[in-house]
Amino acid sequence: DDGRREAFVSELGVACGLAFAPDGTVFVGDRTGTVHRVSADGARTEVFATLPASVAAYHLAMGPDDCLYVTGPTLATHDAVYRFDMNGRHEVIDRSFGRPQGLAFDAHGVLHVVEALAGVSAIYRCPAGGARRAVVSGPGLVGVAFLPAGDLVAPRGDLGDDVGCTASLPPRIRCRAITTVGYGSASCRRAGIAKGQALPRARREGVWRRHAASCWVRTSMCPRSSAD
C-alpha cells in the first residue's frame, strides 16, 4: 500500500505478460519462446509451455474454464490464439488474426482479443462457437481488460478521441479509453503539454491523473456509434 516494491521471482527471460490462476499460481510469458509457471509464493518456477518467439510480447489471460489463453505476434502472416490446459496441452482456437495481442474475458466468459496490424487496431468479441466481431476500434490499441463492474478498458499510447465503440458491443458493457502521455514525447508535444505545464492542465481538465514521475493518464468514455 505504500508503493514499495520487491522482487517476487527472477530469471524469466524477457518477461512481458502474466496471468493468475485461481490458486494463485502465476503464468509469465518470456517472448523468446517460453511460458513459465511460478508457484503462488514465488519459490518454484518451471517451464509450462514453449511457443514460437514473439516479435513484440506474449499476452496471457486465464479463462473461465481454468485454461490459459495466449497470443504472441510473430512475423507470420497470421498468428494463433492458443488455449492451454493446466497440464500444458494446447490447442489453437483461432488462426484468423493477423496480429493478435491483448486478450481478456468479460464477466460472461466471452473472450475479447485485440488485433493490431499495419496501423489499424480493433478489439474483437469472440464468443465460443460464434463469429468474431469488432466491438471497439481506433489507433494504438494493444491491451484490453475488464473492470469488476464490467466496463471494458482499452489502454492506448497516443492522444485523441478517435476510439469508438461499434454497434456490436453489448449495451451492458461500457468502454473506457486510457491514454498515456510522457513528458517530451511526440504525442505530448502534439497535445501542447510541455514539461512544467502538465500539472496545470491536469488540474484544469480534471480527467488527467498522475501515473508516474513522467507520465499522465487520461480516462474517457468511448462514444458509441450512431447505429447503437
Side-chain angles (χ1 to χ4, degrees), residues 12-19 27-37 47-65 67-85 87-106 109-146 152-158 160 162-169 175 177-180 186-187 222 225:
L12 297 178
V14 185
C16 51
L18 73 164
F27 294 91
V28 182
D30 167 10
R31 73 175 190 177
T32 62
T34 304
V35 177
H36 299 276
R37 177 160 49 190
V47 173
F48 175 70
T50 57
L51 289 171
S54 173
V55 297
Y58 283 159
H59 302 269
L60 286 64
M62 286 298 302
D65 53 0
C67 288
L68 180 70
Y69 291 72
V70 182
T71 62
T74 69
L75 293 176
T77 56
H78 290 83
D79 284 310
V81 178
Y82 300 92
R83 176 170 55 205
F84 290 86
D85 65 21
N87 293 316
R89 295 186 295 263
H90 79 274
E91 62 177 318
V92 174
I93 64 170
D94 195 313
R95 200 181 286 275
S96 62
F97 288 100
R99 182 155 293 185
Q101 304 214 43
L103 67 169
F105 289 85
D106 66 17
V110 179
L111 176 65
H112 291 67
V113 180
V114 179
E115 165 84 293
L117 180 65
V120 178
S121 58
I123 300 173
Y124 287 85
R125 189 172 187 267
C126 307
R132 63 183 175 95
R133 292 185 178 183
V135 294
V136 178
S137 62
L141 299 174
V142 176
V144 60
F146 286 88
L152 181 153
V153 181
R156 50 183 307 203
D158 60 345
D162 47 358
V163 172
C165 301
T166 74
S168 299
L169 187 65
C175 172
I178 296 180
T179 302
T180 60
S187 59
C222 298
S225 69

Using the side chain to side chain contact (heavy atoms under 4.5 Å, CB included) definition, which of the options Val114, Leu60, Val81, Asp79 pairs with Thr71?
Val81
Option from Ile123, Val144, Leu103 for which side chain to side chain contact (heavy atoms under 4.5 Å, CB included) with Val113 holds
Leu103
Nearest non-hydrogen partners of [X] and [Y], listed with the distance:
X	Y	answer
Gly109	Pro64	CA-CG, 3.8 Å
Phe48	Leu68	CE2-CD2, 3.9 Å
Gly98	Glu115	N-OE2, 2.8 Å
Arg83	Cys67	CG-CB, 3.6 Å
Val28	Ala15	CG1-CB, 3.8 Å

For the pair His78 (side chain) and Ala76 (backbone), establish whether a donor and an acceptor sit closer than 3.5 Å, ignoring hydrogens and angles.
no
Can any side-chain N or O of Ser121 pair as donor or acceptor with the backbone N or O of Ala116 at less than 3.5 Å?
no
Only distances under 3.5 Å count here; give the side-chain donor-acceptor pairs of residues 49-57 to other protein atoms, sequence neighbours excluded, each with its distance to 0.1 Å.
| unit_1 | atom_1 | unit_2 | atom_2 | d |
| --- | --- | --- | --- | --- |
| Ser54 | OG | Ala56 | N | 3.0 |
| Ser54 | OG | Ala57 | N | 3.1 |
| Ser54 | OG | Ala57 | O | 3.2 |
| Ser54 | OG | Pro73 | O | 2.7 |

In Å, rounded to the nearest 0.5 Å, how long is the span from CE of Met62 to CG of Leu18?
12.0 Å
Interatomic distance, Thr74 atom OG1 to Arg99 atom CZ [nearest 0.5 angstrom]
7.5 Å
Derivation of the side-chain contact (heavy atoms from CB on, under 4.5 Å) call for Val136 and Leu152
CA-CA 9 Å; Val136 178; Leu152 181 153; 4.2 Å; yes
Are the aromatic rings of Phe97 and Tyr124 close, with centres under 6.0 Å apart?
yes
Is the distance between the ring centroids of Phe105 and Phe146 under 6.0 Å?
no
Could you go step by step and tell me if Asp94 and Leu111 meet the side-chain contact (heavy atoms from CB on, under 4.5 Å) rule?
CA-CA 11 Å; Asp94 195 313; Leu111 176 65; over 6 Å; no
Between Arg132 and Ser96, is there a side-chain donor-acceptor contact under 3.5 Å, judged purely by atom types and distance?
yes
Contacts satisfying side chain to side chain donor-acceptor pair (under 3.5 Å) that involve residues 55-65 (not counting sequence neighbours) are Asp65-Tyr69
Please walk me through it: do Leu12 and Asp30 pass side-chain contact (heavy atoms from CB on, under 4.5 Å)?
CA-CA 6 Å; Leu12 297 178; Asp30 167 10; 5.6 Å; no
